[in-house]
Asker: 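Here it is, the structure in full.
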Amino acid sequence: RGSHLIFDQRRLPVDEALTLFHPSDGRAMFVLPWEGTSLVGTTDIDHTPALDKNYAEPFASRDEIDYMLTALDFLFPSLALTEEDILSSFAGLRPIIAGGADSPSGESRAHQIWNEHGLITITGGKLTTFRIMAHQTVQTAMAAIGRRATVPRRQRMLNPLVEPRLSAESLEGQLLGRLLGRHGDEADALLAGAQPGEWVPIGDLPLLWAELRWAAAQEGVLHLDDLLLRRVRLGMLLPDGGRALMPQVRRMVQPALGWDDARWDREESDYWQTWQRYYSPSPG
């Protein structure tokens with residue numbers, strides 16, 4: 001499991017990615033600006049099977065939070081950061097193949113592919129090797145049915161960015177660059193669907209209100225936590241999960257989602273429980 005902490009930029013002001021080695025064990029960690037906040041990570045520990053039986057998502061443990069705060073105190077002693085400064089936390093699981101290493105950090109991140117009587121399985125690996133993992137999996141599957149893979153390994157995956165016609169004079173450069181980087185050739189349609197006053201950032205974040213409307217209408221949202229913790233990450237970037245802005249969020253996205261008041265109330269209640277248990281500064 002790898003866990004992370006998010007801080008307000010005003011308490012942890014970084015404008016470029018930093019790498020440090022933890023003072024207790026020498027592990028490499030990072031601090032970087034992310035979506036208008038500062039992101040700190042990551043840990044590397046075994047995730048026990050018992051946690052999967054009792055919890056729906058992974059989350060940062062008390063020991064992991066203390067471990068990251070210790071690293072920050074080592075790198076930025078003058079800031080005197082504490083748990084009270086944490087906006088939110090989150091954790092993810094790495095599908096690492098056990099190789100008998102002394103620690104999780106010592107295990108290889110290599111991937112493996114198996115063909116078990118026609119069932120092709122891939123595990124291990126990591127995000128930065130996804131293309132070669134996919135290519136080798138396709139090759140294995142094609143060979144299993146007597147064919148050869150013809151997937152070009154260096155084919156362009158994303159279309160070149162084109163500046164939205166609507167926004168050239170309406171958004172300053174940094175906001176426009178972020179919008180293009182996140183939404184690509186959908187940026188024009190996103191801005192065209194915005195209502196008056198929605199081409200502005202949400203608080204001090206680089207996230208536009210228009211992006212929240214777009215996500216609710218176009219990105220397959222099933223639940224409120226789906227929207228606020230995965231589609232736009234708003235619940236991770238604002239204090240208390242964005243509670244102060246929830247009335248405004250509701251006015252904007254409830255019609256787009258087609259939920260009646262009873263459904264919204266259930267979704268909001270579930271969202272607060274999910275945020276507190278898995279994404280708050282003190283999860284668990």
Asker: Determine whether a donor-acceptor pair (N or O, by modelled atom type, separation under 3.5 Å) exists between the side chain of Gln139 and the backbone of Arg148.
Answerer: no
Asker: If every non-hydrogen atom of Gly125 is compared with every non-hydrogen atom of Met133, which pair is closest and at what distance?
Answerer: CA-SD, 3.8 Å
Asker: Grouping I, L, V, M, F, W and Y whenever their side-chain heavy atoms are under 4.5 Å apart, do Val14 and Leu39 come out in a common cluster?
Answerer: no
Asker: Between Asp25 and Arg27, does any NZ, NE, NH1 or NH2 come within less than 4.0 Å of an OD or OE carboxylate oxygen?
Answerer: no
Asker: Do Trp214 and Val232 make a side-chain contact, defined as non-hydrogen atoms from C-beta onward lying under 4.5 Å apart?
Answerer: no
Asker: Would you check if the side chain of Thr42 reaches a backbone N or O of Ser3 as a donor-acceptor pair within less than 3.5 Å?
Answerer: yes
Asker: Against Glu267, only a single residue in Gln254, His223, Arg250 fulfils side-chain hydrogen bond (donor to acceptor under 3.5 Å, both in side chains); can you say which?
Answerer: His223
Asker: Distance from Ile65 atom CD1 to Leu69 atom CG, nearest 0.5 Å?
Answerer: 7.5 Å
Asker: Has Trp199 got a side-chain atom pairing as donor or acceptor with Ala210's backbone, closer than 3.5 angstrom?
Answerer: no
Asker: Less than 4.0 angstrom from a charged side-chain N to a carboxylate O is my criterion; do Arg182 and Glu35 meet it?
Answerer: yes
Asker: Okay, side chain of Arg1, backbone of Ala60: is any donor-acceptor separation there less than 3.5 Å?
Answerer: no
Asker: I would like to know whether Trp259 and Val253 meet side chain to side chain contact (heavy atoms under 4.5 Å, CB included); could you show each step before the answer?
Answerer: CA-CA 9 Å; Trp259 296 346; Val253 305; over 6 Å; no
Asker: Taking the side chain from Asp85 and the backbone from Thr82, do they hold a donor-acceptor pair closer than 3.5 Å?
Answerer: yes
Asker: Around atom CZ of Phe21, are there more than 12 heavy atoms of other residues, nucleotides or ligands at under 6.0 Å?
Answerer: no
Asker: What closest approach, in Å, do Arg243 and Asp240 show between heavy atoms, and which atom pair accounts for it?
Answerer: NE-OD2, 2.9 Å
Asker: Please examine the side chains of Arg10 and Asp204, heavy atoms only from C-beta on, and report whether any two atoms are closer than 4.5 Å.
Answerer: yes
Asker: For the side chain to side chain contact (heavy atoms under 4.5 Å, CB included) test, which of Leu234, Leu238, Leu212 pairs with Leu207?
Answerer: Leu234
Asker: Can you find a heavy atom in the side chain of Asp52 that is under 4.5 Å from one in the side chain of His47?
Answerer: yes
Asker: With under 30° as parallel and over 60° as perpendicular, where do the rings of His4 and Phe90 fit, or are they tilted in between?
Answerer: parallel
Asker: As an exercise, state the distance from OG1 of Thr37 to CG of Leu32, rounded to the nearest 0.5 Å.
Answerer: 8.5 Å
Asker: Once rounded to the nearest 0.5 Å, what's the spacing between atom CZ of Arg109 and atom CD1 of Ile96?
Answerer: 3.5 Å
Asker: Quick check for you: to the nearest 0.5 Å, what is the distance between Leu75 atom CG and Leu20 atom CG?
Answerer: 5.0 Å
Asker: Do side-chain atoms of Ser269 reach the backbone of Arg266 as a donor and acceptor pair under 3.5 angstrom?
Answerer: no
Asker: Using a 3.5 Å distance criterion without hydrogens, assess whether the side chain of Tyr279 forms a donor-acceptor pair with backbone atoms of Gly241.
Answerer: no
Asker: Between Thr129 and Lys126, does a side chain to side chain contact (heavy atoms under 4.5 Å, CB included) hold up when you go through it step by step?
Answerer: CA-CA 6 Å; Thr129 60; Lys126 55 183 185 177; 4.0 Å; yes
Asker: Does CD in Glu84 sit with more than 12 non-hydrogen atoms of other residues, nucleotides or ligands closer than 6.0 Å?
Answerer: no
Asker: So Pro33 and Asp15, do their side chains get closer than 4.5 Å, heavy atoms only?
Answerer: no
Asker: Are Leu12 and Leu18 joined in one hydrophobic group, where the rule is that I, L, V, M, F, W and Y side chains link up if heavy atoms are under 4.5 Å apart?
Answerer: yes
Asker: Under 4.5 Å between side-chain heavy atoms, counting indirect links through other Ile/Leu/Val/Met/Phe/Trp/Tyr residues: same cluster for Leu205 and Ile86 or not?
Answerer: no
Asker: Any heavy-atom pair between the side chains of Leu5 and Glu64 that's under 4.5 Å?
Answerer: no
Asker: Any chance CD of Glu116 has more than 12 other-residue heavy atoms, nucleotides or ligands included, within less than 6.0 Å?
Answerer: yes
Asker: Do you know the tightest heavy-atom contact between Pro58 and Leu93?
Answerer: CB-CD2, 3.9 Å
Asker: Could you go through the side chain to side chain contact (heavy atoms under 4.5 Å, CB included) check for Glu211 and His183 one step at a time?
Answerer: CA-CA 9 Å; Glu211 293 179 81; His183 298 280; 2.8 Å; yes
Asker: Hey, could you give me the CG/CD1 distance between Leu237 and Ile202, rounded to the nearest 0.5 Å?
Answerer: 9.0 Å
Asker: Using side-chain heavy atoms (C-beta onward) and a distance below 4.5 Å, is Phe7 in contact with Leu79?
Answerer: no
Asker: Do the side chains of Glu83 and Arg62 get close enough for a salt bridge, i.e. N-O under 4.0 angstrom?
Answerer: yes
Asker: Looking at every heavy atom in both Met68 and Gly41, which two are closest together, and how far apart are they?
Answerer: SD-CA, 4.1 Å
Asker: Any idea which heavy atoms bring Val249 and Trp209 closest together, and the distance?
Answerer: CG2-CZ3, 4.1 Å
Asker: Is there side-chain contact between Thr274 and Glu57, with at least one heavy-atom pair below 4.5 Å?
Answerer: yes
Asker: As a quick check of understanding, evaluate side chain to side chain contact (heavy atoms under 4.5 Å, CB included) for Leu191 and Leu179, giving each step before the final call.
Answerer: CA-CA 10 Å; Leu191 293 171; Leu179 193 72; 3.7 Å; yes
Asker: If I compare all heavy atoms of Ala215 with all of Val221, which pair ends up nearest, and what's the gap?
Answerer: O-CG2, 3.4 Å
Asker: Which value, rounded to the nearest 0.5 Å, describes the distance between Asp225 atom CG and Arg231 atom CZ?
Answerer: 10.0 Å
Asker: Phe30 and Val40: same hydrophobic cluster, using ILVMFWY side-chain contacts below 4.5 Å?
Answerer: no
Asker: State whether the side chain of Tyr67 and the backbone N or O of His22 hold a donor-acceptor pair below 3.5 Å, judged by distance alone.
Answerer: no
Asker: Within the 4.5 Å heavy-atom criterion, are Ser280 and Trp275 side-chain neighbours or not?
Answerer: yes
Asker: Could you state whether Phe59 and Trp272 fall into the same hydrophobic cluster, counting links through intermediate Ile, Leu, Val, Met, Phe, Trp or Tyr residues with side-chain heavy atoms under 4.5 angstrom apart?
Answerer: yes
